[in-house]
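Note sheet for the following structure.
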Amino acid sequence: MLNLSQNGCSVWVASSTEGLLTPTAVALGKFDGVHLGHQRVIQPILQSAGNQEKQHIGENSAQSDRENPRPYSTVVTFDPHPHEFFTGQPRALLTPLDEKVEQLRSLGVEQLVLLPFDRDLSALSPEEFVDKILVQQLQCQEISVGQDFCFGKRRMGTAQDLQMLAGKYHIPVTIVPIQKDGDSLPTTDDNRISTSLIRESLAIGDIAKANRLLGRPYTLSGEVIAGEKLGRTIGFPTANIQLPKDKFLPRHGVYAIAVIIHDPTLDTLPIHKLGVMNIGNRPTVNGIDTRVEAHLLDWSGDLYGKNLVVQLVKFLRPEQKFSSLEALKNQIQLDCTAAQTIFNA
Ligand SMILES: Cc1cc2nc3c(=O)[nH]c(=O)nc-3n(C[C@H](O)[C@H](O)[C@H](O)COP(=O)(O)O)c2cc1C
Ligand SMILES: Nc1ncnc2c1ncn2[C@@H]1O[C@H](COP(=O)(O)OP(=O)(O)OP(=O)(O)O)[C@@H](O)[C@H]1O
């Protein structure tokens, strides 16, 4: 269906009905964020695909592959997000499709299958889901899920049910214990690493926690587009970043950031810079729409058309309405100093 690649490696993106690579070793779930808990669930299917490859070394591998094909490490998820299907409300995502693909690629996943989440799929019983989707369509040889995984009509199937049903087809199921946020005490159920907990952390500007649960910095990525070009008149030119429409935005306000700059038209290495960013409506200039604007420290030059990957480091302050551009300018200077102090530390 689609082959999304970067750096020479790629993830094959398919639906259950189109373009599937089979057989598969499958990790099941929504995987929004590809956080540390998700990464633990994905690990066994990478090992399974990798281990079988190792067995082939030294054998007549072409013949061996034909007789006993290696399963493709495959993340199976739903599109649209089930929450969107049931509520009819568009769901903002920690990792919109391109970002999810990039994160899965970096883990070594070979295929992402997007199961079209519709009335028919949501009505499948656990038995039907295993038989129709996992066995017949995906030709699944191995499965990995988290301990609290639920599936099938009204989420009535548990991870143990999956183990029992898949066992009838001799498909082993790894049930990964719940991963908790060890740094947050006491470790109660509320500390279960989850997409929801990361969204809550981002919504209050607790970037350290969100980054810890993700196992990497939360990023906002997109092309630099034209703004009102006011920033340069106050000595702080800003790159306006166009994000995917379904990207989850953290708390509005000002952040210390690390930025990776890619020029899509040139085959050059990315440039790494530090900076400050504002997410908000810019009340000082009577802005109406939400903008994401980055000012890079120690940078001069055009950024239009370039792709920026902005990694959130720390929330600095809420957005404010200033009485003049001069007052805003003075505050942005203080923001730059505060960010620099964080980077130095
Ligand atoms: C670090 C930083 C902090 C900012 N803080 C605020 C703020 O507190 N209040 C506000 O109205 N605008 C704030 N802005 C947004 C500015 O109003 C905006 O950058 C300016 O209007 C220029 O935008 P333009 O060049 O894209 O038109 C901030 C921008 C940056 C880069
Ligand atoms: N903290 C965790 N520890 C172990 N497994 C997990 C953890 N979080 C999710 N999983 C498993 O990873 C797979 C994908 O999880 P999924 O995205 O569906 O849930 P989630 O991350 O808890 O998100 P949400 O907060 O939206 O429920 C599932 O098999 C799920 O059981």
Side-chain angles (χ1 to χ4, degrees), residues 1-57 59 61-62 64-79 94-116 129-130 132-147 149 151 159 162-163 165-167 169-177 179 193 195 214-216:
M1 187 187 177
L2 259 179
N3 199 6
L4 297 178
S5 67
Q6 211 165 26
N7 305 337
C9 303
S10 60
V11 177
W12 183 256
V13 183
S15 79
S16 54
T17 50
E18 206 191 331
L20 267 182
L21 303 176
T22 56
T24 56
V26 160
L28 273 171
K30 300 181 292 282
F31 294 100
D32 182 30
V34 197
H35 57 60
L36 286 178
H38 294 152
Q39 292 169 31
R40 286 294 282 271
V41 173
I42 289 169
Q43 204 54 43
I45 62 152
L46 301 175
Q47 279 165 8
S48 131
N51 284 348
Q52 296 222 5
E53 194 169 43
K54 273 187 219 125
Q55 279 170 19
H56 293 168
I57 294 170
E59 298 173 22
S61 68
S64 163
D65 278 354
R66 268 195 308 278
E67 287 166 4
N68 184 19
R70 177 181 78 79
Y72 290 95
S73 52
T74 300
V75 165
V76 176
T77 185
F78 306 98
D79 183 40
L94 300 178
T95 47
L97 183 61
D98 282 2
E99 247 190 283
K100 185 184 265 183
V101 167
E102 176 51 19
Q103 288 309 320
L104 297 178
R105 183 200 66 77
S106 71
L107 294 174
V109 171
E110 293 165 300
Q111 177 170 231
L112 171 65
V113 173
L114 304 172
L115 295 179
F129 184 84
V130 170
K132 278 191 168 167
I133 307 288
L134 296 179
V135 176
Q136 291 186 36
Q137 294 184 341
L138 291 159
Q139 294 175 34
C140 186
Q141 292 188 353
E142 186 156 341
I143 302 169
S144 177
V145 292
Q147 204 175 320
F149 176 73
F151 72 110
L162 180 63
Q163 207 162 41
L165 292 169
Y169 300 86
H170 308 289
I171 303 171
V173 177
T174 305
I175 300 180
V176 175
Q179 307 296 307
I193 299 175
T195 305
L214 284 167
R216 61 175 191 280

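With rounding to the nearest 0.5 angstrom, the NE2 atom of H35 is 10.0 Å from the CZ atom of R216. For the atom pair CZ of F78 and CG of L28, the computed distance is 6.5 Å after rounding to the nearest 0.5 Å. A distance of 11.5 Å separates OG1 of T95 from CD of E102, quoted to the nearest 0.5 Å. The distance from the OG1 atom of T195 to the NE2 atom of H38 is 4.0 Å, given to the nearest 0.5 Å. In this structure, F129 CZ and L115 CG are separated by 5.5 Å, a value rounded to the nearest 0.5 Å. To the nearest 0.5 Å, the span separating CG on L94 from CD on Q103 amounts to 11.0 Å.
Of all heavy-atom pairs between V101 and V11, the closest is O-CG2, 3.7 Å. Nearest approach of V176 to S144, heavy atoms of both residues: CG2-OG, 3.8 Å. In terms of heavy atoms, P23 sits closest to P69 at CG-O, 3.8 Å. A pairwise comparison of heavy atoms in Q139 and Q136 identifies CG-O, 3.9 Å as the closest pair. Closest of all the heavy-atom pairs between Q147 and A159 is O-CB, 3.8 Å. Across all non-hydrogen atoms, the minimal contact from A25 to P71 is N-CB, 3.6 Å.
L114 places a side-chain heavy atom less than 4.5 Å from the side chain of L97. Between L162 and L134, some side-chain heavy-atom pair lies under the 4.5 Å cut-off. Counting only heavy atoms from C-beta outward, the side chains of I42 and F31 approach each other to under 4.5 Å. Considering only heavy atoms from C-beta on, I175 comes within 4.5 Å of V173 through its side chain. For the pair T77/K100, a side-chain contact is recorded, criterion being any heavy-atom separation below 4.5 Å from C-beta on. Proximity of I45 to V26: side-chain heavy atoms (C-beta onward) are nowhere separated by under 4.5 Å. With a 4.5 Å cut-off on side-chain heavy atoms, L20 and Y72 do not count as touching. Two residues are said to be in side-chain contact when any heavy atoms from C-beta on lie closer than 4.5 Å; L138 and I133 meet this criterion.
No donor-acceptor pair closer than 3.5 Å links the side chain of T74 to the backbone N or O of T24. Between the side chain of Q111 and the backbone N or O of V76 there is no donor-acceptor pair closer than 3.5 Å. Under the 3.5 Å distance criterion, the side-chain polar atoms of Q179 are matched with a main-chain donor or acceptor of P177. Distance alone, capped at 3.5 Å, is enough to place a donor-acceptor pair between the E110 side chain and the S73 backbone.
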